[in-house]
Amino acid sequence: MQTVTLNNGIEMPILGFGVYQIPPEQTEQAVADALAAGYRLLDTAAAYGNEEAVGHAIKNSRIPREELFVTTKLWIQDAPAQDNARRALETSLTKLGLGHVDLYLMHQPYGDVYGQWRAMEAAHREGLVKAIGVANFYPDRLLDLILNNEVTPAVNQIETHPFFQRTTDQELMREHGVQHQSWGGFAEGRNDLFTHPVLTEIGTPHDKSAAQVVLRWLIQRDIVTIPKSVSPDRMAQNFDVFDFGLTDDQMAQISELDTGRTLFFDHRDPEMVAWLSKRRLEN
Ligand code: NAP
């Protein structure tokens with residue numbers, strides 16, 4: 001598996017498996033299928049409610065721990081967040097049945113962000129998490145976090161797909177050594193991504209689907225991607241993207257699809273800030 005090297009030297013697979021919106025009762029089977037298909041990076045979150053099922057699948061797979069790269073995420077914590085965030089991490093580790101996670105992400109840029117980050121820095125120093133990062137940080141918030149803290153996030157996981165390409169975000173992240181990770185790489189199928197004529201046409205001579213073209217395009221941009229699927233066939237298809245390449249011209253054709261706007265929601269929209277900030281998880 002092709003990997004990227006994070007800013008603290010940790011190797012991360014460039015392609016993994018996301019479990020958002022997989023109901024807990026289906027998650028163990030989905031993760032078992034994904035591991036059987038060859039995925040070694042698993043992306044979950046406390047807020048997805050399926051960490052326990054991910055943990056069961058890991059345990060039953062008997063794959064050595066060091067061959068896996070497991071990410072989970074910290075949900076919004078009230079101030080002072082140090083104790084709350086620490087408890088949240090301990091809960092996640094217990095649910096996952098793991099002594100450490102490879103990457104711990106702050107899920108949203110809200111709440112006691114600085115307290116949360118300090119708790120994550122401490123957990124990193126103790127080896128409970130091999131790398132720490134963030135999700136859903138726009139460039140202004142990301143730069144503020146980088147400039148005013150000790151540890152620079154290893155990763156920023158943000159909505160990134162052909163219709164919202166995040167090229168200026170990626171430039172800033174490159175400049176500061178933050179790895180760009182895509183969520184919603186398929187835009188969850190919005191804008192008819194899976195049958196999009198440009199993507200389909202690019203894939204046809206390679207005998208690849210629009211989905212495979214999108215994953216290849218992300219990988220060629222050095223973006224870590226974590227497609228979600230509950231279908232073993234689609235999991236296998238999504239994993240089979242290392243035997244072809246897109247030309248500069250094809251990469252340029254996909255660049256044209258960028259609308260520069262979210263297809264989901266803007267984390268800077270006050271209504272979204274208020275809506276997401278209301279949610280609290282039990283630690
Ligand atoms: P996604 O990967 O863009 O799209 C998933 C959808 O695509 C599912 O409906 C899936 O259906 C379908 N699909 C998958 N492979 C396909 C293929 N080859 N052909 C046709 N359809 C296919 O959406 P996502 O789950 O939102 O994003 C991926 C991961 O990113 C998540 O699972 C999660 O780990 C992470 N994420 C993080 C955040 C954050 O705030 N940090 C937010 C959203 C997501 P089937 O399951 O039926 O195959």
Side-chain angles (χ1 to χ4, degrees), residues 12-13 15-24 26-27 29-31 33-34 37 39 41-51 53-54 69-76 101-110 132-138 141-142 153 155-166 169 179-196 199-200 203 207-218 223-241 262-267 272-273 275-277 279 281:
M12 179 179 195
L15 175 67
F17 183 69
V19 300
Y20 177 45
Q21 290 172 330
I22 306 184
Q26 277 183 42
T27 303
Q29 186 60 51
V31 173
D33 291 341
Y39 294 84
L41 157 57
L42 302 173
D43 184 275
T44 184
Y48 300 170
N50 55 17
E51 287 173 309
V54 171
F69 189 106
V70 180
T71 301
T72 195
K73 309 186 193 87
L74 173 69
W75 190 251
I76 303 165
V101 285
D102 299 276
L103 177 62
Y104 197 41
L105 299 178
M106 194 187 306
H107 204 149
Q108 305 291 350
Y110 310 137
I132 53 176
V134 295
N136 300 309
F137 273 58
Y138 277 76
R141 304 298 305 270
L142 182 65
V155 168
N156 186 21
Q157 184 182 106
I158 52 175
E159 178 190 347
T160 311
H161 46 71
F163 310 115
F164 192 27
Q165 302 194 4
R166 315 302 291 265
D169 296 62
Q179 175 62 47
H180 186 166
Q181 181 171 24
S182 150
W183 68 249
F186 298 144
E188 294 181 5
R190 289 175 196 199
N191 286 9
D192 292 331
L193 178 140
F194 296 116
T195 52
H196 194 284
L199 301 170
T200 308
D207 203 19
K208 296 289 180 185
S209 66
Q212 290 170 308
V213 168
V214 169
L215 296 175
R216 186 71 222 164
W217 166 77
L218 286 164
I223 297 173
V224 175
T225 176
I226 42 171
K228 170 263 172 188
S229 179
V230 291
S231 141
D233 284 349
R234 287 191 287 277
M235 287 176 200
Q237 186 193 125
N238 297 342
F239 201 70
D240 182 21
V241 292
T262 173
L263 291 193
F264 293 85
F265 55 80
D266 191 329
H267 283 79
M272 276 323 295
V273 179
W275 186 74
L276 282 169
S277 293
R279 185 167 179 210
L281 305 181

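We count ligands from 1, going down the list as the structure has it; atoms in each ligand are counted the same way.
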Is it the case that Asn136 and Trp183 place a side-chain donor and acceptor less than 3.5 Å from each other?
yes
Counting from 1 in the order shown, the ligand 1 atoms closer than 4.0 Å to a non-hydrogen atom of Val19 are 32 (O), 34 (O)
Select one of side chain, backbone, both or neither to describe which atoms of Glu188 lie under 4.0 Å from any atom of ligand 1, heavy atoms only.
both
Residue, atom and distance of the protein heavy atom nearest atom 22 (C) of ligand 1 read Phe194 CZ, 3.3 Å
Applying a heavy-atom cut-off of 4.0 Å, say which part of Thr44 lies close to ligand 1: side chain, backbone, both or neither.
neither
Which residue and atom name correspond to the protein heavy atom nearest atom 16 (C) of ligand 1, and how close is it?
Arg234 CD, 3.4 Å
For Ser209, state whether at least one heavy atom is located under 4.0 Å from any atom of ligand 1.
no
Against heavy atoms of Ala211, which atoms of ligand 1 measure under 4.0 Å?
17 (C), 18 (N)
Could an N or O of ligand 1 be found under 3.5 Å from any N or O of Gly184, whether backbone or side chain?
yes
Taking heavy atoms and a distance under 4.0 Å, where does Ala187 meet ligand 1: side chain, backbone, both or neither?
backbone
Fit a plane to each ring of His107 and Tyr48, take the angle between them on a 0 to 90° scale, and name the class: parallel (under 30°), tilted (30 to 60°) or perpendicular (over 60°).
perpendicular
Quick one: nearest non-hydrogen protein atom to atom 42 (C) of ligand 1, plus distance?
Trp183 CD2, 3.2 Å
CG (Leu103) and CD1 (Ile132) are apart, to the nearest 0.5 Å, by 9.5 Å
For the residue pair Thr262 / Glu159, report whether a side-chain donor-acceptor contact shorter than 3.5 Å exists.
yes
Would you say Gln181 and Thr225 are linked by a side-chain donor-acceptor pair, where the criterion is simply a distance under 3.5 Å?
no
At a 4.0 Å threshold, what atoms of ligand 1 neighbour a non-hydrogen atom of Ala135?
41 (N)
Among Lys228, Gln21, His107, His161, which one has a heavy atom closest to atom 14 (C) of ligand 1?
Lys228
Less than 3.5 Å apart, any donor N or O on the side chain of Ser229 or Asn238 sitting next to an acceptor on the other?
no
Report yes if some heavy atom in the side chain of Leu41 is under 4.5 Å from a heavy atom in the side chain of Val224; otherwise report no.
yes
Note: ligand 1 atoms sitting under 4.0 Å from heavy atoms of Gln237 are 18 (N)
For atom 3 (O) of ligand 1, the closest protein heavy atom turns out to be Phe186 N, 2.9 Å
So, does Tyr48 sit close enough to ligand 1 that a heavy atom of it is under 4.0 Å from the ligand?
yes
Residues Asp233 and Gln237: side-chain donor-acceptor under 3.5 angstrom:
no
Tell me: protein heavy atom nearest atom 15 (N) of ligand 1, and distance?
Asn238 ND2, 3.0 Å
Heavy-atom nearest neighbour in the protein, as seen from atom 40 (O) of ligand 1, with distance rounded to 0.1 Å:
Asn136 ND2, 2.9 Å
Give a yes-or-no answer on whether the side chains of His180 and Thr160 include a donor-acceptor pair shorter than 3.5 Å.
yes
State if Gly189 counts as touching ligand 1 under the rule of any non-hydrogen atom under 4.0 Å.
no
Could you tell me, atom by atom, which parts of ligand 1 come under 4.0 Å of a heavy atom of Asp43?
33 (C), 34 (O), 35 (C)
Can Arg190 be said to sit on top of Phe264's aromatic six-ring, NZ or CZ under 6.0 Å from centre and within 45° of the ring axis?
yes
Atom 28 (C) of ligand 1 [closest protein heavy-atom partner, distance rounded to 0.1 Å]:
Ile226 O, 3.1 Å
Assign the ring pair Tyr39 / Phe239 to parallel, tilted or perpendicular, where the plane angle (0 to 90°) is split at 30° and 60°.
tilted
Geometric cation-pi criterion Arg166 and Tyr138, 6.0 Å radius, 45° cone
yes
For atom 41 (N) of ligand 1, the protein heavy atom that lies nearest, with its residue and separation
Gln157 OE1, 2.8 Å
Tell me whether Asp43 is salt-bridged to Lys73, with the criterion being a basic N under 4.0 Å from an acidic carboxylate O.
yes
